[in-house]
Trainee: 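Have a look at this one.
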Amino acid sequence: MAGRESELRGEQKLVDELYDRLDALRAQNRERLREIRHEGPSGSPQNRSERDAFATLYEDRIAQLEAVEDRLAFGRLDLTDGEQRYIGRIGLTDAEHTSMLTDWRAPAAQSFYRATSARPDGVVRRRHLVTRRRSVTGIEDEVLDLDALDDPGATGDGQLSGLAGEGALLAALAAGRTGRMGDIVATIQAEQDAIIRAELGGALVVQGGPGTGKTAVALHRAAYLLYSHRRLLERSGVLLIGPSRVFLRYIDQVLPSLGETGVVTTTIAELYPRIEATGVESEAAAAIKGRADFAPIIARAVRQRERVPAQPQELRVEGTSITITPHDVAEAIARARRNRRPHNLARVTFVREMLSRLAEQYVSQLGSPLGADERGDVLEELRADRGVRIALNLAWMPLTPQKLIADLFAQPERLAAAAPGLSAAERALLARERGAAWTPADVPLLDEAAELLGEDDQVARAQSRADAANRTKELEYARQVLQSSGNDGLVSAELLADRFASSGPRLTTAERAAADRSWTYAHVVVDEAQELSAMAWRMLLRRVPTRSMTIVGDVAQTTSRAGASSWRSMLDPLLRGTWRLAELTVNYRTPAAVADAAQRVARAARLPVSELTSARDVDDALVVDRVPGVEQLADGAARHAGTALALLDDGAEGGRLAVIAPAGRLAAIRAALDAAGLAEAIGSGLATLDSRLTVLTPREAKGLEFDIVVLVEPAEVGATNAGDLYVAMTRPTRQLRVVHAARLPRGFEA
Ligand SMILES: Nc1ncnc2c1ncn2[C@@H]1O[C@H](COP(=O)(O)OP(=O)(O)OP(=O)(O)O)[C@@H](O)[C@H]1O
């Protein structure tokens, strides 16, 4: 006991020194920022812009140092050569540049997550430090190499379960949920670490059952990649795709707590700049739009806007008669298509070709040969003529993606011509009025159309060529500044150069990327990737030509009809076998009894479930209550919600409760909760995350977790979609309370 206390004191002393250093660095950066601000707005524009850049640099550094307050240091490695290495959220060195704390992402920290007693990797002992605020409250040791230990009496906790730092891990898993995901740096497990540190190149697919830490791993991987490839990634940015705004809010504190703020996070529905996809449509319609064969439909729709007229058309220009013939138009179209440029850009060739043919007619009508100047005048006259313009537009219409797609669904004959492979019933599902709101499934179609039409971005391109020339100079300067200011490694020269740029609004990489449809990212992370349709994948792959991607998901949890039932069938056509698969097999969220029941039900419904071992079980994790009839479901749910809230109130940890039910029952359940006096606790939409109680559908619960879940009528949930039921059953961290009137789904009972 005395030994343990002196160990604790020793660790406290060290942790105090680390926080002292952290405080000193914060103060130093604040002082520098204050000095820079003090200089005021004087000097040349170049000076001012440099000062702003430095101010941003210090602000970022201060924000980073503030973000690592909680659990700054969480581990220690005792190595065979006698070195003790502390592992923490960031790297710290003392004033003499001697390392005090190793960043968890550094190669020197890897064995903290990977070493085992079978492969100690130079580690004698791994120690987890449990801290509360700035105090060390506990120590957990694992001795990996007993032979190398000076103190043979100490055995530590070993690794009997195969889980590293089991005490710290189980404490983290049992903690009450706050409504926001937290980081897992202190307790990352070896199979997770291997994925987090996997090499940058290529597409890595991470398949894992519910609660295996896919989201956590994806986020830590983004932070790891930004740390180890900062120069490469910061310039073009990292994109993270999540299933919904609520989900993005749920995870939005994880990357900042890891010291990373520059990742663009969005949903597929928001990926096309300036399009708000607020419309709602049937799942059947969305599924059709998501199929890969919608790409050729859009390609056909574009080509059908390049049209040969049925009849010759006679026009009079300045008193001279000319004829637009089907033959000339057909040849001009063929010529314009030959250069394989997008529609709006190839149109230039078409118009030039037609004007030249019309000019020939015009000149031959005049009867006398013309000089080059006069011929130029004729061309201009023809170009300016309204009749000619209308005729040429009819043959080759300049189009926006919005117009192409809106016309396709508003004009049945256009859709029929472009989509001969769709049945009349399928086409009817897609029909809608012009001006209807865009739906999420429209977004990849707009993107596909934009690609084939080509946006008129020539002005932007010319600007970016001019910018590139300036940039080389700025980069060189930024490199020098970084070296001399001792801030090398914190930001890249590229980023600092961006901030030096004195013209235009000062945008971060993330802001510029998010506003630009044609932006390409250095790495893309996709969560809940099983939900993406084939068309959504096409859209996403355009954003990452290098194919450097982390794709995480579970094909047994697919709920969208356009989503994937197997990675192979979804990704092979797109990535041609160049992706690699990794699996996560341990469930950290759901108690074993609940996870096992969920797995049995999913298997009975023939879902492609992954093998899953649960890290823990909890007493009374599964409670089942049958009510006499469907009329009693809502009241039953309210009763269980009341009991569950009381249970949560009893514990020191607090925690959150969700009632998950089929969409058609939510209103009745809310009314019953209201009648039971629980209405005040209920949140919805984004507030779902901040309230103690929330009532939602399985779809809305996707990716989230709650301490206790009351699940209403599982048979009905599963009848719509077996994946929905699998998702709903696997949301709780402590207890699942099932209220049902109909028979339980097959497999539910062991
Ligand atoms: N190594 C770990 N240490 C501590 N907690 C962990 C660890 N791995 C996962 N967790 C926790 O387990 C829970 C589930 O993780 P996460 O949400 O990432 O799983 P998932 O695989 O994305 O689940 P789903 O497929 O159901 O969305 C989270 O609370 C997460 O913090």
Side-chain angles (χ1 to χ4, degrees), residues 71 74-75 104 112-114 128 130 161-196 206-222 240 242-244 246-247 250-251 253-254 257-258 525-531 550-559 582-591 594-595 598-599 602 607 609-610 612-616 655-656 660 698-707 709 723-734:
R71 287 175 297 148
F74 48 77
W104 65 277
F112 183 72
Y113 302 109
R114 299 265 190 106
H128 278 85
V130 184
S161 60
L163 297 170
E166 200 184 349
L169 175 67
L170 292 182
L173 301 184
R177 280 354 194 211
T178 61
R180 296 299 162 83
M181 187 168 204
D183 67 74
I184 60 165
V185 267
T187 51
I188 293 170
Q189 299 297 301
E191 70 171 11
Q192 299 177 322
D193 188 66
I195 293 169
I196 291 169
V206 181
Q207 160 66 36
T212 50
K214 297 181 296 297
T215 300
V217 164
L219 292 167
H220 287 72
R221 176 159 166 77
L240 176 99
S244 66
V246 174
F247 177 83
Y250 169 62
I251 61 168
Q253 290 173 4
V254 180
S257 79
L258 300 175
V525 179
V526 194
D527 200 350
E528 302 285 350
Q530 74 278 358
E531 300 301 333
T550 306
I551 298 166
V552 312
D554 179 7
V555 284
Q557 292 184 60
T558 307
T559 53
E583 290 194 63
L584 290 173
T585 58
V586 179
N587 152 39
Y588 299 98
R589 177 191 298 133
T590 316
V594 177
Q599 289 240 304
L607 293 180
V609 285
S610 295
L612 208 59
T613 314
S614 297
R616 66 193 179 120
R656 301 170 63 253
I660 304 184
R699 303 272 163 110
E700 291 165 334
K702 179 153 266 193
L704 308 181
E705 63 186 22
F706 306 88
D707 294 71
V709 167
D724 277 346
L725 181 54
Y726 193 38
V727 170
M729 289 184 74
T730 51
R731 294 309 98 195
T733 63
R734 288 198 230 168

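Both counts, for ligands and for their atoms, begin at 1 and track the order of listing.
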Trainee: How far is atom 30 (C) of ligand 1 from its nearest protein heavy atom, and which residue and atom is that?
Mentor: M181 CE, 4.1 Å
Trainee: Under 4.0 Å between a Lys/Arg side-chain N and an Asp/Glu carboxylate O for R177 and D707?
Mentor: no
Trainee: Quick one: nearest non-hydrogen protein atom to atom 31 (O) of ligand 1, plus distance?
Mentor: I184 CG2, 3.7 Å
Trainee: So how far is it from E705 CD to T733 OG1, rounded to the nearest 0.5 Å?
Mentor: 6.5 Å
Trainee: Which of these, R731, E705, E191, Q189, has its nearest heavy atom closest to atom 13 (C) of ligand 1?
Mentor: E705
Trainee: Is any N or O atom of D554, backbone or side chain, closer than 3.5 Å to an N or O atom of ligand 1?
Mentor: no
Trainee: A216 to ligand 1: N or O pair under 3.5 Å?
Mentor: yes
Trainee: Tell me, which protein residue and heavy-atom name are nearest atom 10 (N) of ligand 1, and how many Å apart are they?
Mentor: Y588 CB, 3.8 Å
Trainee: Just jot down the ligand 1 atoms closer than 4.0 angstrom to any heavy atom of E528, in number order.
Mentor: 27 (O)
Trainee: I'd like to check whether G213 has a polar contact with ligand 1, where a contact means an N/O of the residue lying under 3.5 Å from an N/O of the ligand.
Mentor: yes
Trainee: Rounded at 0.5 Å granularity, tell me how far OG1 in T215 sits from CE in M181.
Mentor: 5.0 Å
Trainee: Determine, for K702 against D724, whether the closest basic-nitrogen to carboxylate-oxygen distance falls under 4.0 angstrom.
Mentor: no
Trainee: With the threshold set at under 4.0 angstrom, would you say G211 reaches ligand 1 through any of its heavy atoms?
Mentor: yes
Trainee: Could you check whether the rings of F74 and F112 sit parallel, tilted or perpendicular, using 30° and 60° as the cut-offs?
Mentor: tilted
Trainee: Does R589 reach ligand 1 with a nitrogen or oxygen that is under 3.5 Å from one of the ligand's nitrogen or oxygen atoms?
Mentor: yes
Trainee: Going by the atom numbers of ligand 1, which of them fall below 4.0 Å from some non-hydrogen atom of L173?
Mentor: 4 (C), 5 (N), 6 (C)
Trainee: Would you check, one step at a time, whether the test side chain to side chain donor-acceptor pair (under 3.5 Å) holds for N587 with T212?
Mentor: CA-CA 4 Å; N587 152 39; T212 50; over 6 Å; no
